[in-house]
Every structure is written in C-alpha cells, then in structure tokens.
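Per chain, numbering begins at 1; letters A, B, ... match sequence-line order. Reckoned from all heavy atoms, side chains included, excluding hydrogens, waters and symmetry mates.
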Protein chains: 2
Amino acid sequence: MYEPITIKDIAKALGLSTSTVSRALRGSYEISAETKKLVVEYAEQFNYRPNPIALSLKERRSRSIAVVVCEIANNYFSQAINGIESVAYNRGYHVIISQSHESYEREIVNVEHLASRSVDGLLVSLSAETNQFDHYKNLHEKGFPIVFFDRITDEIETHKVVADNYQGAYNVTKHLINAGYKKIAHLTSAAHLSISIERLEGYKAALRDNKIPFNDKYVKNCNHGGMIYNEQEDAIKSLLNLKDKPDAIFSGGDKLTVSCLAVLNELKVKVPDEVALAGFSNSPLVELMKPGLTVVKQPAFEMGQTATELLIKLIESKRPVTEFEKIVLQTEVFERESSAKKKPKKK
Amino acid sequence: MYEPITIKDIAKALGLSTSTVSRALRGSYEISAETKKLVVEYAEQFNYRPNPIALSLKERRSRSIAVVVCEIANNYFSQAINGIESVAYNRGYHVIISQSHESYEREIVNVEHLASRSVDGLLVSLSAETNQFDHYKNLHEKGFPIVFFDRITDEIETHKVVADNYQGAYNVTKHLINAGYKKIAHLTSAAHLSISIERLEGYKAALRDNKIPFNDKYVKNCNHGGMIYNEQEDAIKSLLNLKDKPDAIFSGGDKLTVSCLAVLNELKVKVPDEVALAGFSNSPLVELMKPGLTVVKQPAFEMGQTATELLIKLIESKRPVTEFEKIVLQTEVFERESSAKKKPKKK
DNA sequence: TTTTTTTACGCAAACGATGCCGACATCGAT
DNA sequence: ATCGATGTCGGCATCGTTTGCGTAAAAAAA
C-alpha cells in the first residue's frame, strides 16, 4: 500500500543516523556541507515529506483548527468559512469543519471528538439548541483556545467576534418604518441565542424611537433556527391570522428570511403590498428574487478572518491569556423591492 | 496549558503498567475484573480520552478523509458535503474540507498538504483549471485511496460517482425545445471538464433528435466555472449580440445559471419572453426567483454519500483494489416560469 | 506434594521525528 | 607530545499507545 519515505529510510540508505538526517534537513550548523547536500538531494529525489502526525505527537500540536457551525449550506457560514480558511491557510493551519445541524447533542459530540488532542483550537458559532456550555467551559478552563463568533455566549470569557446585530436590526426596522410600515412583526431564531436577543433589542429600540408600541404577539421564535420548514410556516401563518395582521415582517436569519418569502408566495400573499419583508441574509441571490429582498448583510468573510486571527494568537501565545477582546463589525442594509414604500390603502 | 490525562498518568496513579491500563481499557480478557473496574472508573472520573494522534502514528491511519472541491459556497457542494459527512460520521471518520477556488495551483498545494499522511483518503471534484493529473496519479499509483465525484477524469482508474449529466442536459434541452424554443444557446464551464463535455453531448443529442442544427456560436465557455462575474457577463452579452440571437439559454452550472439570470435582469432582457433560461442548479432558492428558474437538480447528498462509502471501502480494504466502479445517479428537471411555453411572436 | 496450567500483569519495542548529550577525530596552541 | 577547542556525527530518550513475549503467583491437576 501507500508507504511514504521516512527519515529512517534516508538514514539507512545513506549510512547515517536519523538524527543526522533530521538535522541536515533542517539545516543545522552542526552538519557538514557535503552531508547536508547528500541528504537534501536524496530527500528531494524520493520526495520526502515529514510525517505530520509524528510531528504533532512530538510537538503536542496538530497545526489544525476546527470550526463548529450549524450548517455550511448557509451563505453566512460558508462565507465566514472562506474567511477562516484564508487566514488559516496563510498561517499554516488546517481547517476542520463540523456541523451541528442546530443540535445540542451533535455539537457536544463534535466538540469532544475534536478537542481531545486533534485540533489546537476551536472556532465556534453556537447551535440554536445550545443553552448549556459545560462542554466549552471544561475546555476553556484547561486553557484550550476557543473563539466564539456570530452566536456567542456571555458565560465564557474569551475572544468573541460578532456583527453589530443591534444596530443592524435597528437600521432595517427603521427602514421599514420610514417606508411607511407600522405593524412590523419579527420572526427570529431561538430566543436565548445572542443574535436573537440583540436583534430583538435593536428592533424594539427602533420601534420605541419612532413611537410605535411594541407588541409581543408580533414576535415569533423558530427554535430550530430555520432547519424545519414547518416551524417557519406555522409561525408565519399565525402572524397572518392575527386580528391585527402585521404589514411587514423583519426576520432574523438567513434561512428564516428566505423561507418567509417562500411561505408568503405559497399563500399568495403579495410582497410588499400586503406584507413587506426584510431580514438578515448573506445570500447573493436575494436580489434576483420576486420581489428582490431587502436584507441586512453581515461582513461574514471579515468575521471569519478576524476570529481566526484571534484564535491563532491565542494558540501561539506563550503565556495564558487573560485579557479578551470582543470585536463588533458593522452590518449593511441593502434596500430592495420587498420593502418598497407602502402604498396608501384603498379601502 | 491544556494537558489531557494519558494512559501513563493512570498507570502511575494506580501503580500499574501502561500495558495493563491499555488492556484494561480495551477490555482484554487477560486483565482481572477488579483491575479493569479500577482502571475504567479512574479513566471515567478523569475523563480520559485516547490521544488520536498517538493512535494515528501507531496504526498508520488518521481516521480522517479530505474532500477537495472548488467552493463550499455552492449549493451542490455543500449538499454533497452533507452527504459525505453523514456517512463519514457514522463510520468514525473526520472530514477535512479544502477548497481550490477553481485554481489548479491551490488544488495541488491542498492535495500535497493533505496526502502526505494526515488523511486516509481523498474525495475529489476537480477544479475548472485542472487538466493535468500528475498530483493524483502519483498518489494513486502508490495505492493512496482516491474517489472522484462530479468532476472526474478518465486518466485515473478509481471509483467515480457522477450525475447523469448527459441525460440531464438532454432532458432539459428537450424541455426547452418542447416549450417552443429553437435557438438554444449553451453556457458552460471550462470545455475540458467532464461535466462540460457530457452536458454538451446531451445538449447536442437533444438538438439532433429534434432536427435542430447545432450551432457552435451558441456555445460559450466560462473557463473559471463562474468564479468571475465578468466572464459570464461577457459571454452572455456576446450571445445576445449575435445576428441570430438565441431565444433560450441552457446553462451548465450552479453559479452560471444564477449569474445568467442576474445579467439578463441587469440588461433588462425579459425572461422567458425574450430569452428563456434553464440550467443545472441545486439551489433551493431558484423557485423564489423572478422568474422561477427551471433547473436540473443533481442528487448531491446521495452522490456525497455514495462517494464516501466507496472511499471508505477502499481505505479499509485489505488487498489492493483493482476493480473500480463508476456510479451514475439520475438528475431531475424542475420546470418553472423561466422556460414557460414560448408565446407566438407578434412581429 | 509436585507438576502443570491458568491467570494477571510487566517489559520493551514500535510508529516518525526531534534534541540533548556524549564521542570521536582533527587541528592549533602550548 | 599533550591539552583544549572545534567540527561532525551517533546514541538515546521522548511524545502516547498498542502488543508480543516473558514471568511470577495462584489455581488446578497429577
């Protein structure tokens, strides 16, 4: 089968010791020029590559980091992963991706599996189901490097990278208000998630600043973060069945935004005439939709990059780190037809 | 820092040898019930996890496989990866994802990096730039397990998993013809890619079977597989500038299909009235577009699953494998407005 | 009681690479 | 001629785990 050449093979072939070969390959000054040349050329010829696993065992590090997200088939995360990869690649780290599919159990299994020794650090965006953090706390207390991004928790003190969810939600809600909508509903993920909380706050603040009363019947949570279509469907239907039907929906998630449009289309509810729509999404396809969707876009790529830089700093730090940063990046609102100015009602 | 407990620690604490601990943990019959209990309980208490790196070094395998694709931010690939992950996870394998971004060089670097010893096998979908395969041939000749999926090559004899691109292209072209379109252009990726070749053949066959002459001016290649928006834009513009302008476009790729619609919208070309559109895509969002897109969908998840099963079979095979399978899965056409029946021209 | 068998465990090598330390030869200086 | 310095290399331990082999003590058979 597949048997790569080792340092031993070279040593044997050249009548040297493994230590000499090792040193020759790393250009140690203790090795004569001729021996070096001999070894290096032989290694070149037989395409010698140091065994990364042996190195990992020796150096007690694997030069790989893991990222734990709920779904890579989500534009925000695939963009973030591109950012992660770009930094990791340049710094000589492998990236291992694992998906929780919004399941608490899967998340635990993945993290345990990864952490034992096979990765040097973790980049985490919490699953929608997760509201306990012992599996991270244990690791973190032992000094294992973890950086949270996007969906974070206050319960663990480490570096964090987030979008300004509050401001993003505020801006898009305000945009809806400015466009003439007054009865704005909010469709969001599990209530305990950091992003849900912040976006809800931004939404509330925008209402407050514009003297629109907050109505908690207008807030619907999808606890599976958009994984289950029926959940969104039911939520939206119950919104539309309210006595005082909303005239706009602000949705707080990629999948939610899109499936919101799908449900409205299915129910033949006209967007934006009957109900306007705007929400968080990083999909490049939203502008092609019917109607083009107004979205808040997160700087996913940059978030991935920043989080990775912080993680590598953590990994390569000599001393235990006790000062942690929380980096907040700005979002951007893209206005499209789905939130076009409200037409005066002809009753 | 983070120092997990080892078998040695347990041995020292319990006054045993490492071999006894090791055997106790694996339930060897040579160890007395009491000692076993002692060791297992201690291990449990201190949350012992065998060091996967040490195991890899010993067993000369890492229980991880790598997948090399061009882009995870592509619905086809993210779905395929979900399939890969689902099988790998159940069989106890890690999945390492690396992206070539359609670059030949990146692909080589990634493959070399991965193959040396850190992964047990490779799942590959070729980048658009790749038309040389030495980096795979070298590995494959040494018995390194590789399975190709989606974008494959004839030059390497191993397991392969593909969609029935010929039939898919045939079906969707025929659908366009049946809808009344006669001047059907074809926008596709790099000409040398297996998927491009097969889809072109299917397209040609459908034309032939319906007595429509093939016009090579109607075929446009985007050599970067949709990575560069300008490339698609130029290709589509030049199609629209032909004396005998096509009345439909069949596109052969996720990104191409979508950016085709984007360009047409931008140019204010009405779809399908002026130009109809249909193409390969696995995006769940195409039905929400303006207009809803007619697409050929590949069984991405199943392809990922099948490829992974084959790869693991290859990895775990005792003997060198010489008999290889090529598995072809069927595609499905979803008809929507973008290829609605052609209206009679009012000239 | 003696011999054989069984039970239960330890020793050491191995996986690939690194690095400390020691060994030897050569050379210049005394 | 002897000593120390220098240059060049090998031996060995190490990382964590598994496993073949050896062996002591206990149990069973004689």
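Remark: P of C/dT18 and CD1 of A/I31 are 13 Å apart, rounded to the nearest angstrom. Put simply, CD1 on A/I5 is 14 Å from C1' on C/dA17, counting in whole angstrom units.
Applying the 4.0 Å criterion to OP1 and OP2 of D/dT8, one finds that A/T35 has every side-chain N and O outside that range. For the OP1/OP2 pair of D/dC15 and a distance below 4.0 Å, the side-chain nitrogens and oxygens of A/R61 include no atom meeting the criterion.
Between B/K37 and B/E41 a salt bridge is recorded (basic side-chain N to carboxylate O distance below 4.0 Å). Residues A/E316 and A/R91 are paired through a salt bridge, judged by an N-O separation under 4.0 Å between the basic side chain and the carboxylate. The pair B/R49-A/E112 meets the salt-bridge criterion, since a charged nitrogen lies less than 4.0 angstrom from a carboxylate oxygen.
Along DNA chain C, the nucleotide closest to B/E59 and the one closest to B/E34 are compared, and the more 5′ of them pairs with B/E34.
Formation of a donor-acceptor pair under 3.5 Å by the A/S127 side chain with backbone atoms of A/S100 is not found in this model.
Listed here is the closest heavy atom pair of B/A80 and B/F149: CB-CE1, 4.1 Å. Looking at every heavy atom in both residues, A/L122 comes nearest to A/V119 through CD1-CG2, 4.1 Å. Between A/D9 and A/P4, the shortest heavy-atom contact is OD2-O, 4.2 Å.
Contacts with DNA chain C (heavy atom under 4.0 Å) in residues 36-58 of chain A: A/Y48, A/R49, A/P50, A/N51, A/A54, A/L55, A/K58, listed by number. Contact check of residues 7-30 of chain B against DNA chain C (heavy atom, cut-off under 4.0 Å) returns B/G15, B/L16, B/S17, B/S19, B/T20, B/R23, B/E30.
Applying the ring-ring contact (aromatic ring centres under 6.0 Å, His included) rule to B/H135 yields the partners B/Y104; only residues at least two apart in sequence or on another chain are considered.
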